[in-house]
Chemist: 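Starting off with a structure, shown below.
Note that the coordinates shown come from a computational prediction; the quantities given were computed from them, not determined experimentally. For reference, positions follow the sequence shown, starting with 1.
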Amino acid sequence: MELLINQILALEEISAALDPSLEDRDHLNNQVQDYANGFIENTESNKAYFQGTPDKTKLGIGSNKKELKELLDAYTKEVVQKGINPASGGHIGYIPGGGIYTAALADFLASVTNEYAGMYFGSPGAVTMEHELLDWMKGVFDFPQNAIGNMTSGGSIANLIAVTAARDKHQIKNEKVTKSVIYLSPQVHHCLHKALRIVGLEDVQVRMLKLDANFRIDVDGLAQEIENDKKKGLNPFMVVASAGTTDTGAVDPLQEIGELAQKNNLWYHVDAAYGGFFILSESKKHLFKGIGLADSLVIDPHKGLFLPYGLGAVLVKDKEAVFHSHHYTANYMQDATDNGQINPSDVSPELTKHFRALRMWLPINLHGIEPFVACLDEKLLLTTYFREQLKTIGFKIGPEPDLSVSYYWYPSGGDENAFNEKLIENIHADGSVFLSSTKIDGRYVIRMAILSFRTKKETIDKAIKMLEKCVGETKQQLN
Ligand SMILES: Cc1ncc(COP(=O)(O)O)c(C=O)c1O
């Protein structure tokens, strides 16, 4: 026994390093805080995009322990100064991430307290907070309070939960799969195609819908497709609309699609991952009319509420449809179930989950909703400003977007696709502002996606200067 106790005590001494003393914590905290402050103070003068690949020898697990200073150094050089800086206002490509400071503080607390956010029994407070946030979103998006929902890691998993529910509600399995039809916009986010494969619906029939000149679903075209499929004896079961497409910022006609879906008994899913929170903007509210007709809805606070990556949300009206695949119990969980509560783990593939509700709850309560709405309105006006400025330096711009994503290209004459492809290479090499490219109807174009809370008028002016310089370089290189 004495030997055993001595062994335990010896190990206790070594493992104590995992629980630093108050003094050691202060020392670590100060270094990290200084680091964060330096990062934030310099982020706008720094590049938004860094080319180069990380030195993997600096990012592995070494055989010796290291000082925090050395690790932060490696972090700066090999992580922060490689690729896109998503915390920069100069990130105007893809769909920008956020990273507001107070959400980082919430993440710190979530990790320190390590609340178990997967089940009510484990943390009634954390789960209640998640439910309160979901209830708030139900109010915002005109969903009934008895809908259920989940705070996910992002839009892809949220869409996956919705697609699973649609499949289970309509019992799309066995020989029904190949006869069933889903209606999608060619502009739908690719995570929906991915979700179909993941849930075993790779072989359903996918109808790519006609779009109008602004990339919104043509509702008459949709009605016609449904009619044709019914006549062929097929089983139309789901339609997906987007409230903010990733490439073109379009909001589909949500009300009309919803009515058509109801009439034809289709599961109506709305992917509002990018655009959803623009519903809070008075100037855009009208575009979201009918969103409450959806059977399921995805919204991403890590996009439209400027939170750091790692927070999406899904709302679903039919609880049983979601429970069919996600609600389970097991002997080892008998203490935690049977308490009449809806657990996040009943609504998602996750059991253990990061306490991600805190990073939304703390900032909204601390700042109030007003600065979030102002920031969304600001992004919309900056989009108009950017498009106007682009015209003055000779760019052609795509149709006016519903929200804050749009595209443009330089009409160089000759092979315009090759010119714009070279242009984006030069833009990336410059890196002061990050822009991305896409193809629209075969045309190689450059995208703007304005959603970072740090994107300001000054950022747009910088982008315009950079574009002018890069056009000049491209002309020289191709002549
Ligand atoms: C419309 C839309 N849906 C879904 C997603 C996927 O979300 P996530 O990247 O959070 O998984 C995105 C991402 O940009 C998006 O724009």
Side-chain angles (χ1 to χ4, degrees), residues 48-49 89-96 185-187 189 211-218 242-253 274-275 278 281 283-284 287 303 376-428 430-452 455-475 478:
Y49 180 63
H91 180 8
I92 315 182
Y94 300 116
I95 298 290
S185 158
Q187 290 293 335
H189 193 271
L211 304 180
D212 69 13
N214 288 64
F215 303 97
R216 305 182 194 112
I217 289 172
D218 174 313
S242 306
T245 54
T246 313
D247 252 358
T248 53
V251 180
D252 289 321
Y274 147 61
F278 282 104
S281 168
S283 66
K284 296 293 171 185
L287 295 175
K303 297 184 173 74
L376 289 163
D377 282 332
E378 182 192 14
K379 302 311 136 197
L380 292 166
L381 296 182
L382 287 174
T383 306
T384 308
Y385 178 67
F386 196 6
R387 283 167 55 86
E388 288 303 316
Q389 294 298 96
L390 281 167
K391 285 194 268 181
T392 67
I393 59 166
F395 277 84
K396 291 264 186 225
I397 54 176
E400 193 174 335
D402 288 324
L403 302 173
S404 67
V405 172
S406 127
Y407 65 88
Y408 49 98
W409 69 98
Y410 195 79
S412 56
D415 187 345
E416 290 189 355
N417 279 1
F419 185 94
N420 284 279
E421 209 169 328
K422 188 74 194 162
L423 177 58
I424 200 89
E425 266 176 48
N426 287 324
I427 291 169
H428 289 172
D430 178 285
S432 50
V433 169
F434 178 75
L435 301 164
S436 59
S437 67
T438 188
K439 283 217 173 84
I440 304 279
D441 298 333
R443 186 191 289 283
Y444 190 100
V445 296
I446 306 172
R447 276 174 78 252
M448 70 168 88
I450 302 183
L451 199 60
S452 164
T455 303
K456 302 285 158 193
K457 177 185 167 290
E458 206 177 293
T459 329
I460 305 301
D461 293 338
K462 183 154 75 166
I464 292 292
K465 266 204 192 118
M466 181 195 71
L467 280 165
E468 254 186 313
K469 184 197 98 182
C470 293
V471 166
E473 286 168 2
T474 311
K475 282 181 179 165
L478 295 181

Chemist: Rounded at 0.5 Å granularity, tell me how far CD1 in Ile92 sits from OH in Tyr49.
Modeler: 15.5 Å
Chemist: So, does Tyr274 use its side chain to make a donor-acceptor pair with the main chain of Ser404 at under 3.5 Å?
Modeler: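 Between the backbone of Ser404 and the side chain of Tyr274 there is a qualifying donor-acceptor contact (under 3.5 Å).
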Chemist: What donor-acceptor contacts under 3.5 angstrom involve side-chain atoms of residues 461-468, with partners at least two apart or in another chain?
Modeler:
from   : atom 1 : to     : atom 2 : distance (Å)
Asp461 : OD1    : Tyr385 : OH     : 2.6
Asp461 : OD2    : Lys457 : NZ     : 2.7
Lys462 : NZ     : Glu44  : O      : 3.0

Chemist: Kindly say whether Gly398 contributes a backbone atom to a donor-acceptor pair with the side chain of Arg387 at under 3.5 angstrom?
Modeler: yes
Chemist: What residues form a salt bridge (Lys or Arg N to Asp or Glu O under 4.0 Å) with Asp415, not counting sequence neighbours?
Modeler: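 Residues passing salt bridge (Lys or Arg N to Asp or Glu O under 4.0 Å) with Asp415: none at all.
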Chemist: Roughly how far, to the nearest 0.5 Å, is CE of Met448 from CD1 of Ile460?
Modeler: 7.5 Å
Chemist: Apply side chain to side chain contact (heavy atoms under 4.5 Å, CB included) to the pair Ile217 and Leu211, showing each step before the final yes or no.
Modeler: CA-CA 5 Å; Ile217 289 172; Leu211 304 180; 4.1 Å; yes
Chemist: I need the Thr383 OG1 to Glu378 CD distance, nearest 0.5 Å.
Modeler: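 It comes to 10.5 Å.
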Chemist: To the nearest 0.5 Å, tell me how far Glu473 CD sits from Asn426 CG.
Modeler: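 Those atoms lie 5.0 Å apart.
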Chemist: Any side-chain to backbone donor/acceptor pair from His91 onto Ile450? Under 3.5 Å, distance only.
Modeler: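 Not a single qualifying donor-acceptor pair exists.
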Chemist: Rounded to the nearest 0.5 Å, what separation is found between the OG atom of Ser185 and the CG atom of Asp218?
Modeler: 11.0 Å
Chemist: Which pairs with one or both residues in residues 403-412 pass salt bridge (Lys or Arg N to Asp or Glu O under 4.0 Å), sequence neighbours excluded?
Modeler: none
Chemist: For Lys379 and Phe278, indicate whether the former's side chain and the latter's backbone hold a donor-acceptor pair under 3.5 Å.
Modeler: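 Answer holds: no.
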Chemist: Evaluate side chain to side chain contact (heavy atoms under 4.5 Å, CB included) for Val471 paired with Leu423, printing each intermediate quantity in order.
Modeler: CA-CA 6 Å; Val471 166; Leu423 177 58; 4.0 Å; yes
Chemist: Does atom NZ of Lys469 have more than 12 heavy-atom neighbours from other groups under 6.0 Å away?
Modeler: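 Enclosed: over 12 neighbouring heavy atoms sit under 6.0 Å from NZ of Lys469.
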Chemist: Taking C-beta and beyond as the side chain, do Val405 and Thr246 meet within less than 4.5 Å on heavy atoms?
Modeler: no
Chemist: For Glu425, which residues count as a salt bridge (Lys or Arg N to Asp or Glu O under 4.0 Å) partner, sequence neighbours excluded?
Modeler: Lys422
Chemist: Donor-acceptor pair, Ser452 side chain versus Pro96 backbone, under 3.5 Å?
Modeler: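 Not a single qualifying donor-acceptor pair exists.
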Chemist: From the options Phe386, Phe419, Tyr410, Trp409, select the one residue that forms a ring-ring contact (aromatic ring centres under 6.0 Å, His included) with Phe395.
Modeler: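 Answer after filtering Phe386, Phe419, Tyr410, Trp409: Tyr410.
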Chemist: Not counting sequence neighbours, list each pair that qualifies as a salt bridge (Lys or Arg N to Asp or Glu O under 4.0 Å) and has a residue in residues 388-409.
Modeler: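 Every salt bridge (Lys or Arg N to Asp or Glu O under 4.0 Å) pair that includes a residue of residues 388-409, provided the two are not neighbours, is Arg216-Asp402, Glu388-Lys391.
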Chemist: Determine yes or no for a side-chain-to-main-chain donor-acceptor pair under 3.5 angstrom, with Ser281 supplying the side chain and Asp377 the backbone.
Modeler: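 A pair under 3.5 Å: no.
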Chemist: Using the salt bridge (Lys or Arg N to Asp or Glu O under 4.0 Å) criterion, which residues pair with Asp247? Sequence neighbours excluded.
Modeler: Arg447
Chemist: Within this structure, what is the OG-NE2 distance for the pair Ser242 and His189, rounded to the nearest 0.5 Å?
Modeler: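 Here the rounded value is 9.5 Å.
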